[in-house]
**Student:** 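If you scroll down you'll find the structure; I have some questions about it.
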There are 2 protein chains.
Amino acid sequence: MSAGNPFPEDAEDTQTAIMRATFDALVEYGYAGLTIDRIDEFFPKSKSLLYHHYDGKDDLLVDFLSRMIDDYEAEIDCETPGDARERLDRWLDAIARPELAEEDRGFIRALVELRAQAAHDERYREHFTRSDRFFRGWLADIIADGIEEGVFREVDPEQVAATIHTIAGGVMTDRVTSDDPQVADVRAELDAYVEARLLAD
Amino acid sequence: MSAGNPFPEDAEDTQTAIMRATFDALVEYGYAGLTIDRIDEFFPKSKSLLYHHYDGKDDLLVDFLSRMIDDYEAEIDCETPGDARERLDRWLDAIARPELAEEDRGFIRALVELRAQAAHDERYREHFTRSDRFFRGWLADIIADGIEEGVFREVDPEQVAATIHTIAGGVMTDRVTSDDPQVADVRAELDAYVEARLLAD
DNA sequence: CTGCATTGAATGAATATTCAATCAACGCGT
DNA sequence: ACGCGTTGATTGAATATTCATTCAATGCAG
């Protein structure tokens, strides 16, 4: 039920338990169906306690989003040995591997649904804007390293990073909102793209 | 207020007026804030009338989604003269032009928010799955034509189409959920991609 | 007159939020 | 060690509002 929940179950304080419960309710019912009562379903303690820790539903959800994004960044932002080509390939595999563990589907679903809220909620938009910058910077660094190393052509790192990141977002949406996601084709084309556009001869 | 509403205002029957009102309410309040009362705000007639034409909110919204997607497909699916290269460029301009008319922002916002619902609603997912296939087919035809014409390399049309379509989805989401969308960079990189990967020498 | 469109008011369920009341831990002076 | 006040965590019940839906009644065109 709570597989893939990024908020640890063991020795958890109330704070973490609230985040866990919110995650589970979000995955189970979706953002549009997310209510305080449903969060309480997954929360071992009393519903009123949520209001002791947060000003209200909005406050709770914004904090939840912030932590989700932190987890998402932490998942990517790890030590990566190897040259730029290897690091980029590992990145592409991470976001566009055809097989996806069931645990990760819930996480991606939650993220995709939260992201859509950014269309109407400024606070959400701010979080995602910051997160996007982080990932594009991360990618641009890899590209820039590759150019210095001489393995990549002299492309504009920001421009390439923006495009790959956009694809990453598209793949995530495709994964959880289509009955026939095309992740395998995109993954293959990404290799062809790297070969044709990035790799020096 | 209703700029960019794809449902015509003139000589409208009740059916169309309901769609118009739903669109306006969706753009104004977002999917999570979409209620029958809010739809009624933009509906010149009585709220009860909605239930005379639809079984309920769900029924109404599924029909609305269906018509939104029809409009979206109709917007793209038009006669396109010129060779494959020109037709592809026109497609890329249509989805990734840096400047976006304010009228279109509402439409894209609505579409992005509806799409996110597909993560938890099978009926939504079916509609988008079908729509995705339509666009990928459209793109794949252009690529295949280009290969026959000798202007494109012998790539896999489906694979390239899937990737470009994924980028299109990513750009739409980026446009309406970020304070700093990177559409211009992606548009430029798409040109470089076509040059490096598709164009025959 | 008859069938369809339309209305306004009403209803009951869902939902977010509040509140008064325990409970458990802790510091502190004696 | 013992009372004691303070503080924060926790609870169950209550409240006020929003929301989807229903329904009986009215208008109206053929």
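For the numbers below, each heavy atom of this structure counts, side chains included, while hydrogens, waters and symmetry mates do not. Labels below follow one simple rule: chain letters A, B, ... track the order of the sequence lines, proteins then strands, and each chain is numbered from 1.
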**Student:** Taking only N/O atoms, report every protein-nucleotides 21-23 of chain C pair under 3.5 Å with atom names and distance.
**Tutor:**
none

**Student:** Please write out the pairs of protein N or O atoms and N or O atoms of nucleotides 17-20 of chain C separated by less than 3.5 Å, giving the distance to one decimal.
**Tutor:**
| unit_1 | atom_1 | unit_2 | atom_2 | d |
| --- | --- | --- | --- | --- |
| dT17(C) | OP2 | Tyr51(A) | OH | 3.1 |
| dT17(C) | OP2 | Lys57(A) | N | 2.9 |

**Student:** Residues in salt bridge (Lys or Arg N to Asp or Glu O under 4.0 Å) with Asp185(A), at least two apart?
**Tutor:** none
**Student:** Asp156(B): which residues meet the salt bridge (Lys or Arg N to Asp or Glu O under 4.0 Å) condition with it, sequence neighbours left out?
**Tutor:** none
**Student:** With Phe64(A), which residues qualify under ring pair (Phe, Tyr, Trp, His ring centres under 6.0 Å), at least two apart?
**Tutor:** Phe7(A)
**Student:** Could you tell me which residues satisfy side-chain hydrogen bond (donor to acceptor under 3.5 Å, both in side chains) with Arg97(A), sequence neighbours excluded, listed by chain and number?
**Tutor:**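 Per chain and number, Arg97(A) pairs via side-chain hydrogen bond (donor to acceptor under 3.5 Å, both in side chains) with Asp104(A).
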**Student:** Under the salt bridge (Lys or Arg N to Asp or Glu O under 4.0 Å) test, which residues partner Arg175(B), sequence neighbours left out?
**Tutor:**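 Salt bridge (Lys or Arg N to Asp or Glu O under 4.0 Å) list for Arg175(B), sorted by chain: empty.
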**Student:** Write out all pairs satisfying salt bridge (charged side-chain N to carboxylate O under 4.0 Å, His left out) with one or both partners inside residues 38-47 of chain B, taking only residues at least two apart or from two chains.
**Tutor:**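 Every salt bridge (charged side-chain N to carboxylate O under 4.0 Å, His left out) pair that includes a residue of residues 38-47 of chain B, provided the two are not neighbours, is Asp37(B)-Lys47(B).
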**Student:** Check ring pair (Phe, Tyr, Trp, His ring centres under 6.0 Å) between Phe135(A) and all other residues, then give those that pass, not counting sequence neighbours.
**Tutor:**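 Partners of Phe135(A) by the ring pair (Phe, Tyr, Trp, His ring centres under 6.0 Å) criterion, ordered by chain and then number, come out as Tyr72(A).
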**Student:** Kindly compute the distance separating CD1 (Ile36(A)) from CZ (Phe43(A)), expressed to the nearest 0.5 Å.
**Tutor:** 10.5 Å
**Student:** How would you list, by chain and number, every residue that makes a salt bridge (Lys or Arg N to Asp or Glu O under 4.0 Å) with Asp58(A), sequence neighbours excluded?
**Tutor:** Arg123(A)
**Student:** Measure the angle between the two terminal helix axes of the helix from dC1(C)-dG30(D) to dT30(C)-dA1(D), five base pairs each, and quote it to 10°.
**Tutor:** 0°
**Student:** Applying side-chain hydrogen bond (donor to acceptor under 3.5 Å, both in side chains), can you list everything that pairs with Glu113(A), at least two apart in sequence or on another chain?
**Tutor:** His120(B)
